[in-house]
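Chain identifiers are assigned alphabetically (A, B, ...) following the order of the sequence lines, protein sequences preceding nucleic acid strands; residue numbering begins at 1 within each chain.
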2 protein chains.
Amino acid sequence: MATGDPTTPDVMTPDAGTAPSARERLLDAAVDHAARHGVSDLSLRQLATALGTSHRMLIYHFGSKEGLLTEIVRRVESRQRAQVAALAGDDPTSPTSLAELWDHFADESLWPWERLFFEVYAQALQGRPHARGLLDEAIDAWIDPLAEVLVARGTPPAHARDDARLMLAVTRGLLLDLLATRDRNGVDAAMRRFVALTDRRRADRD
Amino acid sequence: MATGDPTTPDVMTPDAGTAPSARERLLDAAVDHAARHGVSDLSLRQLATALGTSHRMLIYHFGSKEGLLTEIVRRVESRQRAQVAALAGDDPTSPTSLAELWDHFADESLWPWERLFFEVYAQALQGRPHARGLLDEAIDAWIDPLAEVLVARGTPPAHARDDARLMLAVTRGLLLDLLATRDRNGVDAAMRRFVALTDRRRADRD
DNA sequence: TGGTACATGTACCAAGTGGTACGTGCAGTC
DNA sequence: GACTGCACGTACCACTTGGTACATGTACCA
């Protein structure tokens, strides 16, 4: 009460070494909520009541709405990275097939996350500051692991990074399609065409 | 003054036959503003002052904020369709090359529109009602014209629609990449790889 | 000249916003 | 057992939001 400002805890310290529990639980729940309802018309109060707390607590833990959004984006990012790691390091002896990869991403259980990803991505493209972080990793972080997968499948290393970039674009583009049309069959057919293209080339050894 | 409600002009009539000028000018300016600043944190007041009018006028002409947003989206849609028409009908004797197509879309002058497109697309994926319209046309409207272009280039008709869907995904995916990284060279390289893939197959006549 | 329909601005409203001030319970520690 | 700092809630603030009421200007038509 006498101390200058007992509430807002410096904005820097709480996430450093201490406070593993409460804030973390809140963040998890917030990310979950964001995946279900989107993030662009999110209000602290609605979110707080949905999470069973008060908007004061969100400010307390995350400093501001921007801070909370930034943290949500960071978590989405880390989920993305975890997926990269999973697909790259997951048994390098048997190279993952592109079809497997696609099956993974196209699974309906991931749709809310992918919707959220594209939403934040779009906000980042419009310069919204809290989303900036996503942009830096959105491409680069994927190219190397994808290139590894491609090389393991026979792509000549000289073209691996370009092909990986293309592969990433195909995946995201078809994901946009899938989320809009929900036409899994149609999108699968398009992906099969892409796989056929690359396989044909692989047979030609170029 | 005695008449029931002289202001809000029924919400249905103003855009039908009458009022070609003022509302149209406002809408154009609003779309322009949206392309520059995005649409997700747009407020009627800010927009109105930016356009040199009062937020009352926006309500008057478009009924509500939702109405205005819907109209903006419609206009973006129509721009999209115009581009489809342009690339499809523009001299069918000399089939457009995929590289030309890509050069067109990757041009920096279109970036604001593409940012806006992805922003609205993402909002549509999250179920925002004003954006719904975009979703219906976002895929279907492109496949047929693109398939035509592909067939003209030698793609077997049996696969044309799947390939067109793939082509659309590649374009959008690489556009997402380009808007984020601004790395025109890198993205161009990836697109060249795709073109090479399709060309190789064309030589094989499959 | 008067009236009528459209166009536009000003003032206002209730609701919701992010953020703050402040009080309070509950650990742990001396 | 008093003190201390964290975690949390309540009440509040100034402000912005979308939308409305109403007055007024302007142009056309009789």
When you compare the protein's N or O atoms with those of nucleotides 25-28 of chain D, which come within less than 3.5 Å of each other, and at what distance?
none

If only side-chain N and O atoms of A:Tyr60 are considered, is one of them under 4.0 Å from the OP1 or OP2 phosphate oxygen of D:dC8?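 It does not, given that no N or O in the side chain of A:Tyr60 lies less than 4.0 Å from OP1 or OP2 of D:dC8.
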Value in whole Å for how far the [atom2] atom of [N] lies from [atom1] of [X]:
{"X": "B:Arg56", "N": "D:dT24", "atom1": "CZ", "atom2": "P", "answer": "16 Å"}
{"X": "B:Leu69", "N": "D:dT17", "atom1": "CG", "atom2": "P", "answer": "14 Å"}
{"X": "A:Met57", "N": "C:dG19", "atom1": "CE", "atom2": "P", "answer": "14 Å"}
{"X": "B:Leu58", "N": "D:dG18", "atom1": "CG", "atom2": "P", "answer": "10 Å"}
{"X": "B:Ile59", "N": "C:dA7", "atom1": "CD1", "atom2": "P", "answer": "16 Å"}

Base, sugar-phosphate or nothing for B:Leu47? Non-hydrogen atoms, less than 4.0 Å.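 Since no nucleic acid heavy atom lies under 4.0 Å of B:Leu47, the category is nothing.
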With sugar-phosphate meaning primed atoms plus P, OP1 and OP2, does B:Leu68 contact a base, only sugar-phosphate, or nothing at under 4.0 Å between heavy atoms?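 Contact class for B:Leu68: none.
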When you look at A:Glu71 and A:Arg75, which way does the salt bridge (Lys or Arg N to Asp or Glu O under 4.0 Å) test go after all the steps? CA-CA 6 Å; A:Glu71 225 57 33; A:Arg75 185 133 307 188; over 6 Å; no
Residue whose closest nucleotide on DNA chain D lies nearer the 5' end, A:Ser54 versus A:Arg45: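 Nearest nucleotide further toward 5': that of A:Ser54.
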Pair B:Arg115 + B:Glu119: basic N to acidic O under 4.0 Å: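 Not counted as a salt bridge, because no side-chain N and carboxylate O are separated by less than 4.0 Å.
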Check ion pair B:Arg184-B:Asp103 (N to O, under 4.0 angstrom):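 Between B:Asp103 and B:Arg184 there is a salt bridge, with a charged N closer than 4.0 Å to a carboxylate O.
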With a 3.5 Å cut-off and just heavy-atom distances, do the side chain of A:His55 and the base of C:dG19 make a donor-acceptor pair?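 By the distance-only test, yes, there is a pair.
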Just one of A:Arg165, A:Met167, A:Glu148 clears the side-chain contact (heavy atoms from CB on, under 4.5 Å) bar with A:Ile143, so which one?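 Answer to the side-chain contact (heavy atoms from CB on, under 4.5 Å) test with A:Ile143 among A:Arg165, A:Met167, A:Glu148: A:Arg165.
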Can you tell me how far CH2 of B:Trp111 sits from CG of B:Leu179, rounded to the nearest 0.5 angstrom?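 Between atom CG of B:Leu179 and atom CH2 of B:Trp111 there are 6.5 Å.
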I'd like to know whether the aromatic ring centres of B:Trp142 and B:Phe117 sit less than 6.0 Å apart in this structure.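 Centroid separation for B:Trp142 and B:Phe117: 6.0 Å or greater.
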